[in-house]
Amino acid sequence: MNIREYLAQGRTLLFDGAMGTFYASRPNRAGARCEPANLDAPEEIAAIHRAYLEAGCKAIRTNTFDVGADGETARRLIEAGCRVALDAARDFDAYVFSGIGPAPREGAAHPGDIYCKQADIFLSQGLTHFIVETLPTDEGIPQLARYLKERCPGSFLLVSFAAAPDGATREGLSARALFERAAALDGVDAVGFNCVSGPHHLLELVRGLDLSVLNGKPLSAMPNAGYPTVLGRRVVYQGQADYFAAQLADIARSGAAIVGGCCGTQPEHIARAFGTLKELSKPSAP
């Protein structure tokens, strides 16, 4: 089913959790970047995708959040990440989103140019759904939105900003202002927030938004599973799955049509969220 049709039916689209923190929590992976594993250990990345899909998510992100600034390396990582994600999603009839993180700051390339080059690689692999996430600014997003609609009019672009509990990004910008600017772009299909904030603070942010600025576009919210704690040499997130699921349901009740998890969100969190959202969608008893 076309993703726009899916959302138009009033269904909540449930995403996966955080590939990076889940990968780093596995044996002998502490502190390791997950993107090189697209080439070095694709079966391990495929297993993580399947774990989230088996938990009940309907959309996954390619393992391509941070592919670096080197063009050839980025191309190889993106192509491999697309193959792994598409293969994993096939048996689950799930949507695969091209996962794009903030543009690298190294070099003189403009963020918009970097996003467009990455978009070309994803499109060449047959992907037409995009999520640009954990953004501290909207630099380059208008250029990407225009470019995608020119290259692939049917593409779906979700733009997601990273806001701290005080409502500001790491660049000191107002998350609400960024949200409103992105919502006004014709080429952006959905807007929201992910990372930095846990479910409670992201719920508070969502409740404070003026959703009328979306003009019918879906709101997205993908909080961290709590906040990081250092145990020994490991950074862990100790947010409980039941609490995460309950807060995610409240976020959906507050207007988010697209939900999921970010740092620390493991398959257990998504499984509990799937169950809670399923109950939420049932018709109420007379």
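The NZ atom of Lys278 sits 13.5 Å away from atom OG1 of Thr12, with the distance rounded to the nearest 0.5 Å. Separating the CZ atom in Phe179 from the CG atom in Leu205 is a distance of 8.5 Å, to the nearest 0.5 Å. To the nearest 0.5 Å, atoms OH (Tyr95) and OH (Tyr6) are separated by 7.0 Å. Rounded to the nearest 0.5 angstrom, Asp91 CG and Leu53 CG are separated by 9.5 Å. Here the straight-line distance linking atom CZ of Arg26 with atom SG of Cys34 works out to 11.5 Å at 0.5 Å rounding. Rounded to the nearest 0.5 angstrom, Ile45 CD1 and Asn63 CG are separated by 4.5 Å.
Between the side chain of Ser155 and the main chain of Cys152, a donor-acceptor pair closer than 3.5 Å is present. Side chain of Arg146 to backbone of Gly187: no donor-acceptor contact under 3.5 angstrom is found. Thr21 places a side-chain N or O within 3.5 Å of a backbone atom of Gly264 that can act as its donor or acceptor partner. In this structure, His201 contributes its side chain and Gly198 its backbone to no donor-acceptor pair below 3.5 Å. Counting only distance, with no hydrogens or angles, the side chain of Lys217 and the backbone of Val188 share a donor-acceptor pair below 3.5 Å. With Thr62 contributing its side chain and Gly99 its backbone, the two residues share a donor-acceptor pair below 3.5 Å. Between the side chain of Arg61 and the backbone N or O of Gly17 there is at least one donor-acceptor pair closer than 3.5 Å.
The two atoms that bring Ala88 and His49 nearest to each other are CB-CB, 3.7 Å, heavy atoms only. Closest non-hydrogen pair, Pro102 versus Phe65, comes out as CD-CZ, 3.6 Å. Minimum interatomic distance between Ile114 and Ala103 (heavy atoms only, all atoms of both residues): CD1-CB, 4.1 Å. Considering all non-hydrogen atoms of both residues, Leu123 and Leu127 come closest at CD2-O, 3.3 Å. Between Leu219 and Leu211, the shortest heavy-atom distance links the atoms CD2-CD2, 3.8 Å. Closest of all the heavy-atom pairs between Phe244 and Gly260 is CZ-O, 3.7 Å.
None of Arg33, Glu44, Arg29, Glu35 except one satisfies the side-chain hydrogen bond (donor to acceptor under 3.5 Å, both in side chains) rule with Tyr23; the exception is Arg29.
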### Task
I would like to know whether Tyr115 and Phe130 meet ring-ring contact (aromatic ring centres under 6.0 Å, His included); could you show each step before the answer?
CA-CA 11 Å; Tyr115 293 143; Phe130 294 80; over 10 Å; no
### Query
Could you go step by step and tell me if Ile258 and Leu7 meet the side chain to side chain contact (heavy atoms under 4.5 Å, CB included) rule?
CA-CA 9 Å; Ile258 301 172; Leu7 291 164; 4.0 Å; yes
### Task
May I have the step-by-step check of side chain to side chain contact (heavy atoms under 4.5 Å, CB included) for Leu203 and Ser254, ending in yes or no?
CA-CA 8 Å; Leu203 172 61; Ser254 299; 3.7 Å; yes
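The hydrophobic cluster containing Leu157 also contains Ile60, counting ILVMFWY residues as joined when their side-chain heavy atoms lie under 4.5 angstrom apart, directly or transitively. Val67 and Ile131 sit in two unconnected hydrophobic clusters of ILVMFWY residues. Membership requires side-chain heavy atoms under 4.5 Å apart, directly or through other members.
The environment of CG in Asp186 is sparse: at most 12 heavy-atom neighbours from other residues, nucleotides or ligands sit within 6.0 Å. Residue Lys117 qualifies as open at atom NZ: its count of foreign heavy atoms under 6.0 Å is 12 or below.
Taking a cutoff of 4.0 Å between a charged side-chain nitrogen and a carboxylate oxygen, Lys58 and Asp93 qualify as a salt bridge. A salt bridge between Glu79 and Arg76 is absent, with no side-chain N of the basic residue lying under 4.0 Å from a carboxylate O of the acidic one. In this structure, Arg75 does not pair ionically with Asp120, as no charged nitrogen and carboxylate oxygen lie closer than 4.0 Å. With respect to Arg4 and Asp189, a salt bridge is recorded, a charged nitrogen being found less than 4.0 Å from a carboxylate O.
The side-chain heavy atoms of His200 and Tyr243, taken from C-beta on, include a pair separated by under 4.5 Å.
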